[in-house]
Structure formats: C-alpha cells, structure tokens
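All residue numbers in this chain count up from 1 along the given sequence.
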Amino acid sequence: ARAAARPPSAERSRRLRAWNSLDWELYSHFNRSFWRQARQFGLARLSREAAEIRRRRQELAGKCLRGGGPVPAQAIPDGSLRPFQPPGGEKILGFALKDGLGRRERELCGRMALPELPYKDLLERRQFGPTNGSAA
C-alpha cells in the first residue's frame with residue numbers, strides 16, 4: 001500500500017501512456033481479456049465472489065493486524081514485515097501484526113502481511129529450492 005497520492009492529470013496520463021505504450025498495450029489487452037472472461041463467468045457471480053473475498057480479507061485484517069489496516073513502515077516492529085522504502089520515493093505502507101497471536105495465527109498472519117520482495121523470495125525458494133541464485 002502506498003500513502004495517499006493525488007491521481008495524475010489527464011494530460012500526464014496521456015504522456016505516460018505514450019511513454020509506456022508497450023506496457024499500455026499489454027494492460028489494454030489483458031483488461032479486455034479480463035472483462036471478456038468476467039462476462040462469461042457472470043458479472044453478478046463475480047461481484048458476489050469479490051464481495052466475499054473483501055469480507056474475508058476484512059475479517060482476517062481484524063484478526064491479524066494492529067489497527068486493522070496498513071501503517072507507516074516505521075510503525076512496524078517486526079523488521080521482516082517492513083516494506084522496502086525506495087529512496088526519494090513515496091512512502092510504502094505495510095502491516096503490523098497484533099500482539100498475542102498464537103504460533104499458527106502468527107505464521108498465517110505473517111505470510112499475509114509479508115511485503116512483496118520477501119514474498120517473492122519465499123515463492124522462489126518454494127518453487128526452485130534454496131539455492132536458485134536469488135537473494136536468501
């Protein structure tokens with residue numbers, strides 16, 4: 001999660017699309033593909049299932065997270081859960097786990113709160129083994 005930022009102007013969006021035209025074409029292709037598949041799946045069904053996922057996420061956040069949502073990285077006592085902060089960039093928010101979680105809850109909640117780079121490393125280790133040449 002990122003700290004609140006204002007959306008880009010229409011002109012800036014246009015320039016970004018021109019600059020990133022190949023990325024924009026990929027996005028557009030997969031966006032059309034998604035909505036085609038969503039219609040086949042059923043928009044009402046998709047809406048119901050998305051609402052259920054949001055409900056479960058909110059329930060899990062209430063069970064696992066201190067404050068129930070994202071917090072600034074410096075407010076996260078567990079260093080392994082602090083997201084990378086790019087120099088000079090916007091501040092990336094992360095998640096602090098509640099105190100007093102049992103071992104199993106802490107493991108589950110910790111996996112859910114893991115920032116993207118450590119999560120990527122975890123997936124690589126599980127997929128390719130511990131000596132795949134990436135960061136440990």
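Between Asp78 and Arg66 there is no salt bridge, since none of the side-chain N atoms of the basic residue sits less than 4.0 Å from a carboxylate O of the acidic one. A salt bridge is defined here as a Lys NZ or Arg NE, NH1 or NH2 lying under 4.0 Å from an Asp or Glu carboxylate O, and Arg56 with Glu59 fails to meet this definition. Under the 4.0 Å criterion applied to side-chain N and carboxylate O atoms, Arg104 and Glu107 are not assigned as salt-bridge partners. Under the 4.0 Å criterion applied to side-chain N and carboxylate O atoms, Glu124 and Lys120 are assigned as salt-bridge partners.
Here the closest non-hydrogen pair linking Lys98 and Lys63 is CD-O, 3.5 Å. Heavy-atom minimum distance, Pro83 versus Ala73: CD-CB, 4.0 Å. The minimum heavy-atom distance linking Pro118 with Ser80 is given by the pair CG-O, 4.4 Å. In terms of heavy atoms, Phe95 sits closest to Ala113 at CB-CB, 3.7 Å. Here the shortest heavy-atom pairing between Gln85 and Ile92 reads NE2-O, 2.8 Å.
Judged by distance alone, with hydrogens and angles left aside, the side-chain atoms of Ser47 form no donor-acceptor pair with the main-chain N or O of Leu43 at under 3.5 Å. Side-chain atoms of Gln58 do not come within 3.5 Å of backbone N or O of Arg55 as any donor-acceptor pair.
With a 4.5 Å cut-off between side-chain heavy atoms of Ile, Leu, Val, Met, Phe, Trp and Tyr, the cluster of Met112 takes in Leu60, Leu108. Members clustered with Leu22: none, using a 4.5 Å side-chain heavy-atom cutoff among hydrophobic residues.
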Would you give me the side-chain donor-acceptor pairs under 3.5 Å for residues 33-42, sequence neighbours excluded?
| from | atom 1 | to | atom 2 | distance (Å) |
| --- | --- | --- | --- | --- |
| Ser33 | OG | Gln37 | NE2 | 3.4 |
| Trp35 | NE1 | Asn31 | OD1 | 3.2 |
| Arg39 | NH1 | Trp35 | O | 3.4 |

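Qualifying side chain to side chain contact (heavy atoms under 4.5 Å, CB included) partners for Ala61, counting only residues two or more places apart in sequence or in other chains: Leu65. Shown here are the ring-ring contact (aromatic ring centres under 6.0 Å, His included) partners of Phe84, two or more places apart in sequence or in another chain: there are none.
No more than 12 heavy atoms of other residues, nucleotides or ligands shown are found within 6.0 angstrom of CZ on Arg126. Heavy atoms from other residues, nucleotides or ligands lying under 6.0 Å from CD of Glu116 number 12 at most.
The CG atom of Leu26 sits 10.0 Å away from atom OG of Ser21, with the distance rounded to the nearest 0.5 Å. Taking CG from Leu16 and CH2 from Trp24, the interatomic distance works out to 10.5 Å, rounded to the nearest 0.5 Å. Taking CZ of Arg82 as the start and CD of Gln74 as the end, the distance is 9.0 Å to the nearest 0.5 Å.
Among pairs with a residue in residues 18-32, none fulfils salt bridge (charged side-chain N to carboxylate O under 4.0 Å, His left out), at least two apart in sequence or across chains.
Val71 is connected to Tyr119 through a chain of hydrophobic side-chain contacts under 4.5 Å among Ile, Leu, Val, Met, Phe, Trp and Tyr, so both are in one cluster.
Side-chain contact check for Leu97 versus Leu81: some heavy-atom pair is nearer than 4.5 Å. Under the 4.5 Å side-chain criterion, counting only non-hydrogen atoms from C-beta, Arg103 is not in contact with Arg106.
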